[in-house]
Protein chains: 2
Amino acid sequence: MSISHIEHIGIAVKSLENSIPFYEKVLGLKCYNIEEVRDQKVRTAFFMVGQTKIELLESTDPEGPIGKFIEKKGEGIHHIAFAVKGIEDQLKRMEEQGIMLIDKAPRKGAEGLDIAFLHPKSTLGVLTELCEDKNK
Amino acid sequence: MSISHIEHIGIAVKSLENSIPFYEKVLGLKCYNIEEVRDQKVRTAFFMVGQTKIELLESTDPEGPIGKFIEKKGEGIHHIAFAVKGIEDQLKRMEEQGIMLIDKAPRKGAEGLDIAFLHPKSTLGVLTELCEDKNK
């Protein structure tokens, strides 16, 4: 396995507009991009902290994954994403190790990355994402 | 504010022994230290991922914060810790900005860091820790 760093931490929020001021004014981070990911029914706001992005996730649909998460658990940390090389091979190896995959093959996520989620039942309750930037 | 990076991500687990194999054998990380923090009623296992540590937290007391967290929410991500400079001044400024502090002054955490928690009611549901390594 070749995880180089934590690519991002996804945080579910009710409203980007109400949340960005905390990250900017209290924590002193800078929102450098806001993007809609229709496939995942979210709008995301990005902040860089060292090597890692904070990705705030606002639901655009109550039936989407973030809408359901907030309804069930409230606002809070939603997932961790690890930067890997060779995402297809990693998914195959993990499946052979008995890990339940949400995505058996990578799909396109925010910022053009190839992403895939592992099921939290196989990852000690932590929704875990692998991602690879094939342009790097 | 001067957050340099995410110092660690704290993850509540029922058992270090049952959890370390996932991080080592599936994710390919290396557990480099196990430490008991009596003050917080936890045993912690550390893994380095780029700049950031994964800190697995096993409760040593059902009445401690991790024991209560797992009882209420199950295993999962517990908190994010940001590395800062001048932690006392940062806490003072945040309190003046209306942020609820769990620790009004820093205390000693794992690995000898000065740490303080902000209340998740003020941080959009994310239990947020500041930490400073004064030996650096």
Side-chain angles (χ1 to χ4, degrees), chain A residues 1-16 18-30 47-54 56 70 72-80 82-84 90 93-99 118 120-128 130, chain B residues 1-16 18-30 47-54 56 70 72-80 82-84 90 93-99 118 120-128 130:
Chain A
M1 186 66 167
S2 51
I3 292 178
S4 57
H5 62 285
I6 297 174
E7 211 280 332
H8 67 265
I9 298 172
I11 297 176
V13 299
K14 291 181 185 167
S15 152
L16 292 186
N18 293 343
S19 305
I20 290 171
F22 170 73
Y23 285 88
E24 293 203 321
K25 292 181 185 164
V26 178
L27 296 185
L29 305 174
K30 170 84 186 132
F47 306 80
M48 204 76 217
V49 196
Q51 293 175 322
T52 298
K53 294 165 198 154
I54 301 271
L56 300 184
I70 287 179
K72 191 171 164 192
K73 301 193 175 184
E75 294 180 296
I77 303 169
H78 180 258
H79 67 272
I80 301 184
F82 295 106
V84 301
Q90 301 295 350
R93 180 186 53 78
M94 288 180 181
E95 194 168 29
E96 286 168 2
Q97 287 178 301
I99 301 297
L118 314 181
K121 282 192 183 167
S122 287
T123 59
L124 305 152
V126 176
L127 179 59
T128 302
L130 306 183
Chain B
M1 187 63 167
S2 51
I3 293 178
S4 56
H5 61 286
I6 297 173
E7 212 280 332
H8 67 264
I9 298 172
I11 298 176
V13 298
K14 290 180 185 167
S15 152
L16 292 186
N18 293 344
S19 306
I20 290 170
F22 170 73
Y23 285 88
E24 292 203 320
K25 292 180 187 165
V26 179
L27 296 185
L29 306 174
K30 171 83 187 134
F47 306 79
M48 204 77 216
V49 195
Q51 292 175 321
T52 298
K53 294 164 199 153
I54 301 272
L56 300 185
I70 287 179
K72 192 171 163 191
K73 301 193 175 184
E75 294 180 297
I77 303 169
H78 181 257
H79 67 272
I80 301 184
F82 295 106
V84 301
Q90 301 294 351
R93 179 185 54 77
M94 288 181 181
E95 194 167 29
E96 287 167 1
Q97 287 178 299
I99 300 297
L118 315 181
K121 282 192 182 167
S122 288
T123 59
L124 304 152
V126 177
L127 180 59
T128 302
L130 305 183

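Each chain gets a letter, A, B and so on, in the order its sequence line appears, and its residues count up from 1.
Comparing B/T123, B/T128, B/L127 by heavy-atom pairs within less than 4.5 Å of chain A, the highest count is held by B/T123. Of the listed residues (B/P120, B/G50, B/G74, B/A83), the one with the most heavy-atom contacts under 4.5 Å to chain A is B/G50. For the options B/M48, B/Q51, B/E75, heavy-atom pairs under 4.5 Å to chain A are most numerous at B/Q51. Contact tally against chain B (heavy-atom pairs below 4.5 Å) for A/V49, A/N18, A/I99, A/T52: the top residue is A/V49.
Every residue two or more places apart in sequence or in another chain that forms a ring-ring contact (aromatic ring centres under 6.0 Å, His included) with B/Y23 is listed here: B/F47. For B/E95, the salt bridge (charged side-chain N to carboxylate O under 4.0 Å, His left out) test picks out B/K104, with sequence neighbours left out.
Expressed to the nearest 0.5 Å, how far CD1 of A/I54 lies from CD1 of B/I3 amounts to 8.0 Å. Of the inter-residue distances, the one linking B/I6 atom CD1 with A/H5 atom NE2 reads 10.5 Å to the nearest 0.5 angstrom. Separation of atoms CZ (A/F22) and CD (B/Q97) is listed at 9.5 Å; rounding is to 0.5 Å. Interatomic distance, CD1 of A/I80 versus CG of B/L27, reported as 9.5 Å (0.5 Å rounding).
Interface remark: A/L56 contributes no atoms to any contact with chain B (heavy atom separation under 4.5 Å). Heavy-atom distances place both the backbone and the side chain of A/L124 under 4.5 Å from chain B. For A/S19, the parts lying under 4.5 angstrom from a heavy atom of chain B are both the backbone and the side chain.
Nearest heavy atoms, A/R93 versus B/K25: NH1-O, 3.7 Å.
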